[in-house]
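Report on the following structure.
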Amino acid sequence: MSAKQKETPQKPKYNMWQCAWFMIRLAVREQEKKILVMNISTVLIQISSDLLNLAITPALLGAVEFKSPLGNLFFLICGFVLLSMLLSSASTYISYNIVYAKVTVRSVLLTMLNNKSATTSYPNIDNEQFIKMRSKAMDSVNCNDAAGEAIWNTMTTLLKNVLGFLIYLTMLSSVNPLLILVITATTLLGYFINKPLSEYGYRHRDEEGRYTNTMWYYLTCAESSKLAKDIRLFGMRPWLEDLYTKTLAAYRALQTRAQNTYIWGRIADLVLAFLRNGFVYAYLIRLMLQGDLSVSLFLLYFTAAGNFSGWVSGILDSLLTMYKQSLELSNIWEFLEFPESFRFEEGEPLVPDPEKKYELRMENVSFRYPAAGKDTLSHISLVLHPGEKLAVVGLNGAGKTTLIKLLCGFLDPTEGKVLLDGRDIRDYNRRDYYKMFSAVFQNFSLLATTIAANVAQTETGIQMSRVKNCIAKAGLTEKIESLPGQYEEKLNRDIHEDAVMLSGGETQRLMLARALYKNAPFVMLDEPTAALDPIAEADMYNKYHEMTMGRSSVYISHRLASTRFCDRIILIEDGQVTEEGTHEELMAQKGHYAELFEVQSKYYRKEVDTNHEA
């Protein structure tokens, strides 16, 4: 991408006022209306305090100038001090209590973003634009100073400056309108100089998101317990540090370019402020020297003129800040509205019945990943009959896992249809459709909770008898009941320091128990015995029929010997089904399946012979 292309402005979808209204509506919806009341109260208190500070010195000077009695002067001072204390106390009270309301609204935004990430259409997970937008949206709510919370301070400041501007405008209009014109004109000029400069960060948000994502990835790798052995064994630390350092340098270079751009706006502000204040002060001094102003009035107007300039500057600075924050809030809003390729609530409801026999069919299905040069699967027609155990075999990259993802509804075909009892699955609420499947994939997650909760996938309403039954079927009862806390033992040491560590095979059995607990009509197993030793694997095969009794199931394996108990086996090569039948039928065909089986069996026979000789 050329430098010119990188500089092309990207107009946000939502403007500043739309983003402000979005936050106000969110606060009202979440029963945090007090944030609006407190902000308005803060404005009134701060304006009152400012007017009090403006009036105190001229009032005291005027009292002295007109020789007021000492008692009157004393009560005047006490009155100002008392008012100042009351306003300060009210301001402190509100500032402490408003924090909770602002944090609550930001937490709601964070929950909305997490919900979008957790429930979005599966293809979005690998969508580059989705990933970038999620990163920028999360940056907008990651701390108290981020736009998702700081916008309330900005709106409060803007309201305060507008109200102060109107009050001081009324006050100074009695002196000379030219003062107002000069102050307003110079401040507006500064605003229009700074506005385009402030857009630099938004124009480069994708680049910044790419750098922050990459740095976070390297940090996660360095902290990952799964990579700990590899980092030490292969000496990966210097490599990871080098990659992180290079990305950090690129990120810093981007920030330096941004600051070099912003500094011209600061220089313009300084020059305009010098011209504006010099004119105002010279004019007021001239009036006083001519005798048109008393000392107390001179001091009042002198201070008011300076403050008026501050109100105008404050309005424009607040608008600039609010504009920048609206760019970030627009990131949040746009991410929440990122288009979904699947139908959810608008789809037809589907209630799975574990006792019903369903048919799953693929009609002329092809699938190609974005930016891929060819189809991963091409023109596949396949029927998973009710109650059938289907094995899918093939070399790495043949498309076995992609086929599972299509059947489970994680992906939609680029051509053809996937049908549930003759109905295109795209018609259904996709979340309801997911309920049709229990699955164990090659990559799985252990939640930082109890063993029982990991099996049941909930913290409440756990049916312990059912949990124990599923764990027994998965062959894990002896291990679990040998633990001090048994089924209440915690997992995941990232959260719980005293968590139990299960082996790879034990974890895979636990995932099988989780799949059984769900009790869905279809069971999908993608290499479920990959981490098991041969004895445990044989035990799992013996139990497989019992585990899938009455359900349709699809079983992916690289070990062809493990597929012999399935009703039907299909061999996938180059994205197509090239052979199909039972183990005996495929062996009789003497095709590629038979060749692969012979290669594997020779290896195992050789291994056995070697062990006997030893």
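Residues take their numbers from the sequence shown, with the count starting at 1.
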Check whether Asn331 reaches the backbone of Ala137 with its side chain - one donor and one acceptor, N or O, closer than 3.5 Å. no
Do you know which two heavy atoms are closest between Leu113 and Met138, and how far apart they sit? CB-CE, 3.8 Å
So which pairs with a foot in residues 19-33 pass side chain to side chain donor-acceptor pair (under 3.5 Å), sequence neighbours left out? Glu32-Lys34
Which residues pass the ring-ring contact (aromatic ring centres under 6.0 Å, His included) test with Tyr218, not counting sequence neighbours? none
Salt bridge (Lys or Arg N to Asp or Glu O under 4.0 Å) evaluation trace for Lys324 with Glu328: CA-CA 7 Å; Lys324 293 177 184 178; Glu328 297 183 37; over 6 Å; no
Can a donor-acceptor pair be found between the side chains of Tyr251 and Glu207 at a distance below 3.5 Å? no
Salt bridge between Glu334 and Lys136, side-chain N to carboxylate O under 4.0 Å? no
Specify whether Tyr428 and Tyr433 have parallel, tilted or perpendicular ring planes, treating 30° as the upper limit for parallel and 60° as the lower limit for perpendicular. parallel
Residues in side chain to side chain donor-acceptor pair (under 3.5 Å) with Thr156, at least two apart? Asn39
Is there a donor-acceptor pair under 3.5 Å between the side chain of Asn124 and the backbone N or O of Asn127? no
Would you confirm whether Asp424, through its side chain, and Asp427, through its main-chain N or O, come within 3.5 Å as a donor-acceptor pair? no
For Ala150 against Asp145, the heavy-atom pair lying closest together: CB-O, 3.5 Å
For Asp412, side chain to side chain donor-acceptor pair (under 3.5 Å) partners two or more places apart: Arg430
Sub-3.5 Å donor-acceptor pair from the side chain of Ser49 to the main-chain atoms of Ile45, do we have one? no
With the threshold set at 4.0 Å, does a side-chain nitrogen-carboxylate oxygen contact exist between Arg343 and Glu348? no
Are any side-chain N or O atoms of Ser326 and backbone N or O atoms of Tyr323, one a donor and one an acceptor, separated by less than 3.5 Å? yes
Without swapping roles, check the side chain of Ser224 against the backbone of Cys221 for a donor-acceptor pair under 3.5 Å. no
Do Thr450 and Glu489 have side-chain N/O donor and acceptor atoms under 3.5 Å apart? no
Are there more than 12 heavy atoms of other residues, nucleotides or ligands under 6.0 Å from atom CD1 of Ile263? no
Classify the side-chain pair Asn213/Ser135 by whether it contains a donor and acceptor separated by less than 3.5 Å. yes
Judged by atom type as modelled, is there a donor-acceptor pair below 3.5 Å linking the side chain of Ser88 to the main-chain atoms of Ser84? no
Tell me whether Gln18 contacts the main-chain N or O of Asn15 through its side chain, where contact means a donor paired with an acceptor under 3.5 Å. yes
Quick one, Lys116 with Glu340, criterion salt bridge (Lys or Arg N to Asp or Glu O under 4.0 Å). Give me CA distance, side-chain angles, the key distance, then yes/no. CA-CA 10 Å; Lys116 176 70 174 182; Glu340 300 290 350; 2.6 Å; yes
List the residues meeting ring-ring contact (aromatic ring centres under 6.0 Å, His included) with Tyr122, not counting sequence neighbours, and say none if there are none. Phe410
When you check the side-chain N and O atoms of Asn153 and Lys102, is any donor under 3.5 Å from an acceptor? yes
Is there a donor-acceptor pair closer than 3.5 Å between any side-chain N or O of Asn454 and the backbone N or O of Leu446? no
State the CG-OG1 distance between Asn115 and Thr119, to the nearest 0.5 angstrom. 4.0 Å
Partners of Thr186 by side chain to side chain donor-acceptor pair (under 3.5 Å), sequence neighbours excluded? Arg276
Under 3.5 Å donor-acceptor, Ser121 side chain and Ser341 backbone: yes
